[in-house]
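The structure appears below as structure tokens.
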Amino acid sequence: MKEFKHENILHKRHFDLQFSIRFEVVDDVNFYSPFHWHNHIEILYVLEGKIDFKIEQRKYVLGDGDMIIINSEVIHSSKLCGHARYILLQVPLSAFEGVYEEIENVVLKERPTSLEAEKLFAYLSKMLKSVDDKRKENRIKFVSLLYDFFYQLLTLYKVEQKKSGATSYYGINRISPVMAYVEKEFRNKISLGDAADILNVTPEHMCRLFKKYTDMTFNEYLMSLRISAFYQMLQNSDQKISVIMDECGLTNYKVFIREFKKTFGKTPEQVREERRKSSL
């Protein structure tokens, strides 16, 4: 069975290395990323704005100067509260092959203190400058800074040697085919039986596995994908709300509104009105 990697990392800034990273300053408004996971270590540093983060069942509110570190193979989601600018660095575990094989068993500190974040930001700032400098020599400088940055993380911010808990590598890969199916088909009517057949288990057992390895129910994951798609269409389309709901597979209006308000703190009509006013 084909192995599924839930998030495809964009390679927006990279050199011709044997691995590709994502490293950039992101400037966006009200972006919502539903629960996902990947085989990368992700670092996010907020330059301006506010971001709600959820890693498994742990909730964080990030503001100016805050940093979050997301370990690989961990379920997480994020939501921008209005406008936000942040530095995003995503590095695959393959970047450490032949250099630090133990990286697969390392757990880094998720939430650095303000002082720790400031020190780590200094490295990220130098890395950005080396990327923006087009001289070929700066490719070497960038790689040097990248590994020096992770040297700091591994020597000062390593909190565990062995991963534990529900979201193990085996567990995530066990249910990843179901996540792939849902991601592809969420706009259509999803059958628990069809999802269970992918794993060759009963629907009840599939639901238990999904909850065990993602810390969320199958229906919660399905709803998060539908709400994310709805939100993006709401921001970029003038179609009727009922039409957008239908295109995103949302059929129960009461349940949808409850979950939408829980996620965004507003109704779709209020979000659309805010967008209209901001464009005047």
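If you take CZ on Phe218 and CG on Leu192, they are separated by 5.5 Å, rounding to the nearest 0.5 Å. The OG1 atom of Thr251 sits 7.5 Å away from atom CE of Met245, with the distance rounded to the nearest 0.5 Å. Atom CG of residue Leu154 and atom CD1 of residue Ile103 lie 4.5 Å apart, to the nearest 0.5 angstrom. With values rounded to the nearest 0.5 angstrom, Lys189 atom NZ is found 10.5 Å from Asp194 atom CG. Separating the CD1 atom in Ile227 from the OG1 atom in Thr263 is a distance of 4.5 Å, to the nearest 0.5 Å. Residue Ile21 holds its CD1 atom at 12.0 Å from CD1 of Ile41, rounded to the nearest 0.5 Å.
Counted within 6.0 Å of CG on Asn200, heavy atoms from surrounding residues, nucleotides or ligands total 12 or fewer; the atom is thus considered open. Around the NZ atom of Lys54, the shell of radius 6.0 Å holds more than 12 heavy atoms that belong to other residues, nucleotides or ligands. Glu118 CD: 12 or fewer foreign heavy atoms inside a 6.0 Å radius. The neighbour count for Leu156 CG, taken as heavy atoms of other residues, nucleotides or ligands under 6.0 Å away, is above 12.
Separation of the Tyr32 and Phe264 ring centroids falls under the 6.0 Å cut-off. Residues Phe256 and Phe230 place their aromatic rings such that the two centres sit under 6.0 Å apart. With ring centers used as reference points, Tyr221 lies 6.0 Å or more from Phe35.
The two residues Leu234 and Pro268 have their closest heavy-atom pair at CD2-O, 3.6 Å. Considering every non-hydrogen atom in both Pro112 and Ile69, the closest pair reads CG-CD1, 3.9 Å. Contact between Ile43 and Phe150 at its shortest, heavy atoms only, is CD1-CZ, 4.0 Å. Minimum heavy-atom separation, Val46 to Gly63: CB-O, 3.2 Å. Shown here for Phe23 and Ile87, the closest heavy-atom pair between the two residues is CE1-CG2, 3.8 Å. Smallest separation of non-hydrogen atoms from Arg187 and Ala229: NH2-CB, 4.0 Å.
Looking at Arg226, its side chain does come within 3.5 Å of a backbone N or O of Gly249 through a donor-acceptor pair. The main-chain N or O of Ser224 is never found under 3.5 Å from a side-chain atom of Ser228 such that the two would form a donor-acceptor pair. Using a distance-only test at 3.5 Å, with no hydrogens or angles considered, no donor-acceptor pair links the side chain of Asp27 to the main chain of Arg85. Between the His38 side chain and the His36 main chain, no donor and acceptor come within less than 3.5 Å of each other. A donor-acceptor pair is defined here as one N or O able to donate and one able to accept, closer than 3.5 Å; no such pair exists between the side chain of Glu104 and the backbone of Glu101. At least one donor-acceptor pair closer than 3.5 Å links the side chain of Asn30 to the backbone N or O of Gly82. Proximity of a side-chain donor or acceptor of Ser130 to a complementary backbone N or O of Met127 within less than 3.5 Å is detected. Side chain of Asn252 to backbone of Val255: a donor-acceptor contact under 3.5 angstrom is found. Between the side chain of Ser125 and the main chain of Phe121, no donor-acceptor pair closer than 3.5 Å is present.
Using a 4.0 Å cut-off between charged side-chain N and carboxylate O, Glu273 and Arg276 make a salt bridge. Taking the charged nitrogens against the carboxylate oxygens, Lys262 and Glu259 do have a contact shorter than 4.0 Å, which makes a salt bridge. Salt bridge annotation for Lys266-Glu274: present, with a cationic side-chain nitrogen under 4.0 angstrom from a carboxylate oxygen. Taking 4.0 Å as the cut-off between side-chain N and carboxylate O, Lys50 and Asp64 do not count as a salt-bridged pair. A salt bridge links Glu24 to Arg22: at least one charged side-chain nitrogen sits closer than 4.0 Å to a carboxylate oxygen.
At a threshold of 4.5 Å between non-hydrogen side-chain atoms, the residues Gln235 and Phe31 do not count as touching. Put simply, the side chain of Ile75 does not reach to within 4.5 Å of the side chain of Ile55, judged on heavy atoms. Annotation: side chain of Glu73 is in contact with side chain of Asn39 (closest heavy-atom distance under 4.5 Å). The shortest distance between side-chain heavy atoms of Tyr60 and Asp66 does not fall below 4.5 Å.
Taking the side chain to side chain donor-acceptor pair (under 3.5 Å) definition, one finds that Gln232 meets it with nothing, sequence neighbours left out. The side chain to side chain contact (heavy atoms under 4.5 Å, CB included) check on Glu247 picks up Met233, Gln239, Val243, with sequence neighbours excluded. For the side chain to side chain contact (heavy atoms under 4.5 Å, CB included) test, residues two or more places apart in sequence or in another chain that qualify with Thr202 are Glu204, His205.
In the hydrophobic clustering of ILVMFWY residues, with side-chain heavy atoms under 4.5 Å counting as a link, Leu145 and Val143 come out together.
There is no side-chain donor-acceptor pair under 3.5 Å between Glu48 and Tyr86.
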Legend entry - Candidate pair Thr267 and Phe260, rule side chain to side chain contact (heavy atoms under 4.5 Å, CB included), full reasoning: CA-CA 7 Å; Thr267 66; Phe260 188 92; 5.6 Å; no

Step by step, work out the side-chain hydrogen bond (donor to acceptor under 3.5 Å, both in side chains) result for Gln152 and Tyr123. CA-CA 10 Å; Gln152 300 300 318; Tyr123 284 89; 3.3 Å; yes

